[in-house]
Amino acid sequence: MKLKKLLFLLLLVSLNAFSQILAGEEINENNLSSWHVNNIDEYEGIYAIGFSEAEAELTVAIHNNLICVQLKSGDWLTENEQTVGWRTSYVNYTNIKIDGNKFYSDETNGEFVIYKIGNKMIKCLKLNIPPVQTGTDNQYEIARRFSIGEITTGKHIKTKFEVSSPEYLMPLSLAELKIMRNEIFARYGYTFKKGGAIHIYFNEQDWYKAEFNNVDAFITAIEKLNIAEIKKIEALKMNN
């Protein structure tokens, strides 16, 4: 019976996104089964893989026929052979397709699976070419799924997973719409103009960390649609 190292990340919810405990277990492939759903929206979530410096998160967001998959990882920054900080990186996967429980992209393929641990059924994404390797080299890795409700980076996390309708946006105040729109940039560590209201607001959020002067390359297709929709409603409200 083939065994493979699985490093499951168990979530401790905190105000600083994911705070995790490592629970290592050898995978018994007899406990792996396909995860099939009636609606592919059920595959949405964040899939966590690895631990410590070899940690990564794969976000799967689905809105109608639009599927966005984004890898979040990081590495230490060094200057003159000295470690000076940690830099987060984001990669938007391309040519994504979900067919049944099979996952395809230019970057990696895989499948959505269930892994049984005792009486628990853990929802996972099995990646044939994983972004981080925690077990045997050149073998698949399994990333555990966390639901949208377990994510704590902001008040408007749904802007990462679905496009807000005008009916949802219209009752919001201009101030709330501005926060909602800028939260998309804040989640990537965008550095806001110092001393401004938005800078002050996000600096008070425990999950926020300024890292970048430009995050345009990180924004997903769903987030771009949300930014455009929010701007439309802001313009309507300002002109009325």
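Each of I222 and L169 belongs to its own hydrophobic cluster when Ile, Leu, Val, Met, Phe, Trp and Tyr are linked at side-chain heavy-atom distances under 4.5 angstrom. Residues I227 and V215 are members of one and the same hydrophobic cluster, defined by side-chain heavy-atom contacts under 4.5 angstrom among Ile, Leu, Val, Met, Phe, Trp and Tyr.
Residues passing the side-chain hydrogen bond (donor to acceptor under 3.5 Å, both in side chains) test with D106 are T94, N95, sequence neighbours excluded.
A donor-acceptor pair is defined here as one N or O able to donate and one able to accept, closer than 3.5 Å; no such pair exists between the side chain of R145 and the backbone of A48. Using a distance-only test at 3.5 Å, with no hydrogens or angles considered, no donor-acceptor pair links the side chain of Y208 to the main chain of T153. Between the S105 side chain and the I96 main chain, no donor and acceptor come within less than 3.5 Å of each other. Panel note: side chain N64, backbone L66; no donor-acceptor pair is recorded below 3.5 Å. Remark: the backbone N or O of T88 is paired with a side-chain donor or acceptor of E211 at under 3.5 angstrom. At least one donor-acceptor pair closer than 3.5 Å links the side chain of K237 to the backbone N or O of L172. A donor-acceptor contact shorter than 3.5 Å links the side chain of E44 to the backbone of I62. N182 places no side-chain N or O within 3.5 Å of a backbone atom of I198 that could act as its donor or acceptor partner. Looking only at distances, no side-chain donor or acceptor of K178 sits under 3.5 Å from a matching main-chain atom of E234.
Between F218 and F212, the ring center distance clears the sub-6.0 Å criterion.
In this structure, K126 forms a cation-pi arrangement with Y140, its terminal cationic atom sitting closer than 6.0 Å to the ring centre and no more than 45° off the ring axis.
Between P166 and E229, the closest heavy-atom pair is CG-OE1, 4.1 Å. I40 and I98 get closest at one heavy-atom pair: CG2-CG2, 4.3 Å. Of all heavy-atom pairs spanning A56 and S73, the tightest one is CB-CB, 4.2 Å. Smallest separation of non-hydrogen atoms from S34 and H36: CB-NE2, 3.5 Å. The shortest heavy-atom contact between F192 and A186 is CE1-CB, 3.8 Å. Here the closest heavy-atom approach between residue Y104 and residue D99 is recorded as CE1-CB, 4.1 Å.
The shortest distance between side-chain heavy atoms of I142 and I49 does not fall below 4.5 Å. Proximity of L32 to I114: side-chain heavy atoms (C-beta onward) are nowhere separated by under 4.5 Å.
The list of side-chain hydrogen bond (donor to acceptor under 3.5 Å, both in side chains) pairs with a residue in residues 185-203, not counting sequence neighbours, reads Q70-Y188, T159-R187, K160-Y188, E183-R187, Y188-E223, H199-N203.
Exactly one residue among I67, T59, L71 makes a side-chain contact (heavy atoms from CB on, under 4.5 Å) with Y93. That residue is L71.
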Inset, instruction - Could you go through the side chain to side chain contact (heavy atoms under 4.5 Å, CB included) check for I184 and I219 one step at a time? - result: CA-CA 8 Å; I184 295 171; I219 306 297; 4.0 Å; yes
